[in-house]
Amino acid sequence: SDVVYQVVELALQLLECSQDQARKNAALFFAAAFVFRAVLDAFDAHDGLQKLLGLLNDAASVRSGVNSGALGLPSSGSLRNDRSPAEVLTSSEKQIAYHTCVALRQYFRAHLIMLVDSIRPNKNTRSGARNLPSVRAAYKPLDISNEAMDAIFLQLQKDGKLGRAFVRTPWPAVDKFLGSNGHITMLELCQV
């Protein structure tokens, strides 16, 4: 677990690096690695969501030439702020923003799977410890494919008890995203 923690910490440092290729590779790493709960836990422990949103906020601020402050954080300065308002993202910056958005999608998919698993009723009472995270489960990949997401949404729609439990259960990852005005950053990014 120490190695995972250090790797995630290094990848987060690369997200804030001034080199475009390093930021792109860090975003690609997270997009692929969020299938592992151990990576997700280490990412959350390092406040990684704020760093991903900060990178997207930098890209969204290109249109106005200044940081919109949607996150309440200063711009990391990784993108040029000397642009005219009519300027658009460079090809490299578009790739970084795209891969960061993919990583963000994978992040929420993984959290959705874990949330639904935590509220899903146990069919076998002898496996009462099913909802407790285990070390083994942290290194077992989650299925966060499109098909798996479709199956989860279908299950939430068909299973009334599970659907009601899902609606009542807090979702900390989304709460943090909304609290950081991530939705505004995403809308601003769409304008760019």
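In this chain, residues are counted from 1 in sequence order.
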Taking only residues two or more places apart in sequence or in another chain, which ones pass side chain to side chain donor-acceptor pair (under 3.5 Å) with [X]?
{"X": "Lys51", "answer": "none"}
{"X": "Gln13", "answer": "none"}
{"X": "Gln157", "answer": "none"}
{"X": "Gln155", "answer": "Arg120"}

Answer with yes or no whether the hydrophobic clustering places [X] together with [Y]; edges join I, L, V, M, F, W, Y residues whose side-chain heavy atoms lie under 4.5 Å apart.
{"X": "Val35", "Y": "Tyr139", "answer": "yes"}
{"X": "Leu52", "Y": "Phe36", "answer": "yes"}
{"X": "Leu14", "Y": "Phe30", "answer": "no"}
{"X": "Leu12", "Y": "Leu28", "answer": "no"}
{"X": "Leu142", "Y": "Leu156", "answer": "yes"}

Please tabulate, for the side chains in residues 101-112, all donor-acceptor contacts under 3.5 angstrom to protein atoms that are two or more places apart in sequence or on a different chain.
from   : atom 1 : to     : atom 2 : distance (Å)
Tyr107 : OH     : Asp44  : OD1    : 2.6
Tyr107 : OH     : His111 : NE2    : 3.4
Arg109 : NH1    : Ile144 : O      : 2.8
Arg109 : NH1    : Asn146 : OD1    : 3.1
Arg109 : NH2    : Asn146 : OD1    : 2.5
His111 : NE2    : Asp44  : OD2    : 2.9

Going by salt bridge (charged side-chain N to carboxylate O under 4.0 Å, His left out), name the residues that satisfy it together with Asp47, two or more places apart in sequence or in a different chain.
Lys176
List for me each residue that meets salt bridge (charged side-chain N to carboxylate O under 4.0 Å, His left out) alongside Lys94, sequence neighbours excluded, and say none if there are none.
none
Determine the minimum heavy-atom distance between [X] and [Y], stating which atoms define it.
{"X": "Phe34", "Y": "Leu40", "answer": "CD2-CD1, 3.5 Å"}
{"X": "Val116", "Y": "Ile152", "answer": "CG2-CG2, 3.9 Å"}
{"X": "Val39", "Y": "Ala33", "answer": "CB-O, 3.5 Å"}
{"X": "Leu53", "Y": "Ser180", "answer": "CD1-CB, 3.9 Å"}

Side chains of Ile96 and Leu55 in contact at under 4.5 Å (non-hydrogen atoms):
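Answer yes - side chains close enough.
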Sorted by chain and residue number, the side chain to side chain contact (heavy atoms under 4.5 Å, CB included) partners of Asp41 (sequence neighbours excluded) come out as Arg37
Under the side chain to side chain contact (heavy atoms under 4.5 Å, CB included) test, residues paired with Ala32 that sit two or more places apart
none
Measuring from [X]:[atom1] to [Y]:[atom2], what's the distance to the nearest 0.5 Å?
{"X": "Thr185", "Y": "Asn57", "atom1": "OG1", "atom2": "CG", "answer": "4.5 Å"}
{"X": "Glu93", "Y": "Arg23", "atom1": "CD", "atom2": "CZ", "answer": "7.0 Å"}
{"X": "Lys158", "Y": "Leu154", "atom1": "NZ", "atom2": "CG", "answer": "4.5 Å"}
{"X": "Ile184", "Y": "Leu189", "atom1": "CD1", "atom2": "CG", "answer": "13.5 Å"}

Which atom pairs, one a donor and one an acceptor, fall under 3.5 Å between side chains of residues 162-173 and the rest of the protein, sequence neighbours left out?
from   : atom 1 : to     : atom 2 : distance (Å)
Arg164 : NH1    : Gly160 : O      : 3.4
Thr169 : OG1    : Ala165 : O      : 2.5

So with a 6.0 Å cut-off around CD of Glu9, is the heavy-atom count from everything else above 12?
yes
Any residue meeting ring pair (Phe, Tyr, Trp, His ring centres under 6.0 Å) with Tyr5, in chain and number order, not counting sequence neighbours
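Counting only residues at least two positions away or on another chain, Tyr5 forms a ring pair (Phe, Tyr, Trp, His ring centres under 6.0 Å) with His46.
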